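Chain A is the first sequence line, chain B the second, and so forth, proteins listed ahead of strands; every chain is numbered from 1. Just so you know, these numbers come straight off a predicted model, no measurement behind them.
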There are 2 protein chains.
Amino acid sequence: MMNPQWLRSFVVLAERGSFTRTADQLGLTQAAVSQHIHHLEAQLGPLLIRRPRQVELTPAGQALLGYCDDMEQAEKRLNLRLSGADDRQGEISLITPGSIGLSLYPLLLDLQASYPGLSVRHRFAPDQDVLEGVRNNHFELGLVTLKPDDPRLVACHFADEPLDLVVPATATVNSWEDLESLGFIDHPDGHAMASRLLSRVFPGNRGIRSIACKGFVNQVGLILEPVARGFGFSVIPRYAREAYAPGEAIRVVEMGPRVVDALWLIYRAEWPLSARARFVASELASRLTGETLVLV
Amino acid sequence: MMNPQWLRSFVVLAERGSFTRTADQLGLTQAAVSQHIHHLEAQLGPLLIRRPRQVELTPAGQALLGYCDDMEQAEKRLNLRLSGADDRQGEISLITPGSIGLSLYPLLLDLQASYPGLSVRHRFAPDQDVLEGVRNNHFELGLVTLKPDDPRLVACHFADEPLDLVVPATATVNSWEDLESLGFIDHPDGHAMASRLLSRVFPGNRGIRSIACKGFVNQVGLILEPVARGFGFSVIPRYAREAYAPGEAIRVVEMGPRVVDALWLIYRAEWPLSARARFVASELASRLTGETLVLV
DNA sequence: GATTCATCATAAGAAAACCTTATCAATATA
DNA sequence: TATATTGATAAGGTTTTCTTATGATGAATC
């Protein structure tokens, strides 16, 4: 087992050619340097020829010098990885619900165009899978709509996600009965969102389950097409609507109190968030909401 | 400065997931392993999360594991280089006089064809340059015609190089005067070789300098052409002649005592000759002379 | 809920490793 | 020949690493 101090002595000795000068440079005594080389030669055979003017490396000495260089390079790579000094390079792993994920998608593409060293692994999943993915260390960053109470996770307020009731442009909606006549266009988060918004707009209503389901699409970006064609209404996040609105054939119903979903950015609490993840999370928040993200 | 024993404990711990099992495997106590990890974390920050069933690596822990793998690979490369286990791979550096160099050239090409991992750096030079080249560690192997008396060099008898007096096929040579009538075709080692052979065949002759020089070629392989054309005679090593004899237009004069130059293989005495150099030197000797090379 | 077991952290002391000081041998220089 | 320089080596002081013993915590079992 080669002691790092021995190797350091060897490298400086190879460079300066004298035990005495090596000892001076390292702040040790000549005897210590002599012992270091003795230990190395005991393990590896003759490493240098002692000459009156300067030591000369044997081929084995040259091989060891090459090894020391390999070690130095490996250590530099390690330090770079640990320091996160370069926060615009490396992999970003992110897992989000589909609604906000769609809104972030073009922003992530813009970031990648600006910083080619970044590589983004982004997955759409419901809240539960987001929690698991971050907890199991498969993704460094996650977004959820409910703040988790888990000591292993940090949760920072990322953005507010207002919900919109969208109906066909030609529809008139003033009562619960109007919605029943239209019918509901569902999506994976459809029921949850509709329940939250409609219980505020129409208190005491019969529930979203009493409205006929006129369609289901598992991609939030495609849900506005059936609405525009008059097949029914839906409830989706405003960011999703703004990102993919087809144009004039839909309308947003502004009735009753505002309903806003808070979005929480989560990551593992037991170790520091990487510098690149910090950078990207901040950029996304500020490009989405214009506000500054406050990380723990 | 990271102690190699700390890193070893870390690698085994990452693999087995438990301090106690790691200690068992390494033949240490659990307390020692705990201290090793403590030292590493003091320098690098949290490397693992202690769980009741198994430790979990942080990203920093994973980075360190990558570094340990780099170290292991570097060490393997070093050991391979030091052991010379693979003696059919790597560079062969050889410096020889032109005459024997030409004989060896096709043999070296054959070896390279058989062992593509070998790379041959071969230079032709007079004896004095051969000695310098080996002594200065620019070439690992050298061939000389005079055994050196230098404690830094090992000299092994490599081969005997008989000298041939070659004349045009139509020439009649029985006396010194016949040689004077022909004239001498010279080459870089021409005078030395001619002196040695002719002082034996014609004792008391007037010396090679009394014979008109009819030509000079600094490549031994080309010297037989002017001889074949009848321009003069020359003295060259038999191996060179055999390697490049053009055919019927020259003749070897067999007169008087045999003159044989001994060839010495030299290399540096202060460290072991590399395994590949041993292998190649043995192959060359046996392919050239049919005899087994005896290395010190 | 109480008890037992397994596991890791930590304190203290023993053992090992590393360093310094002092001396000697070899070589080069004046 | 005398002196200076340099590296090796012995002996002892200092630091690091290891072991032994103990305590804290969490999980499993009764």
May I ask you to say what B:Thr20 touches in the nucleic acid, namely base, sugar-phosphate or nothing, with a heavy-atom cut-off under 4.0 Å? sugar-phosphate

In terms of side-chain geometry, is the basic nitrogen of B:Glu161 or B:Arg196 positioned less than 4.0 Å from the acidic oxygen of its partner? no

Between B:Arg50 and C:dA9, is there a contact of a side-chain N or O with OP1 or OP2 at under 4.0 Å? yes

How does each nucleotide of nucleotides 17-30 of chain C score, in 5' to 3' order, for protein heavy atoms under 4.0 Å: base (B), sugar-phosphate only (S), or none (-)? -SBBB-----SS--

Look at atom CG of A:Asp149 and say whether more than 12 heavy atoms of other residues, nucleotides or ligands are closer to it than 6.0 Å. no

What is the distance from CZ of B:Arg51 to P of D:dT25, rounded to the nearest Å? 18 Å

In this structure, how many angstroms lie between the P atom of D:dA8 and the CG atom of A:Leu47, rounded? 12 Å

For the side chain of A:Glu41 and the backbone of A:Leu47, is there at least one donor-acceptor N/O pair under 3.5 Å apart? yes

Using atom CE of B:Met2 as one end and atom P of D:dT17 as the other, report the distance to the nearest whole Å. 14 Å

For a quick test of reading the model: is some side-chain N or O of A:Ser34 closer than 4.0 Å to OP1 or OP2 of D:dG7? no

Any idea which heavy atoms bring A:Ser282 and A:Leu293 closest together, and the distance? N-CD2, 3.8 Å

Take the protein atom CD of B:Glu41 and the nucleotide atom P of C:dT10, then report the distance between them rounded to whole Å. 11 Å

A:Asp24 CG to D:dG7 P, in whole Å, measures 10 Å

Is there a side-chain hydrogen bond (donor to acceptor under 3.5 Å, both in side chains) between A:Ser274 and A:Glu140 once you walk through the steps? CA-CA 9 Å; A:Ser274 75; A:Glu140 194 174 6; 3.1 Å; yes

Step through the shown structure and confirm whether more than 12 heavy atoms of other residues, nucleotides or ligands are within 6.0 Å of CZ on A:Arg16. yes

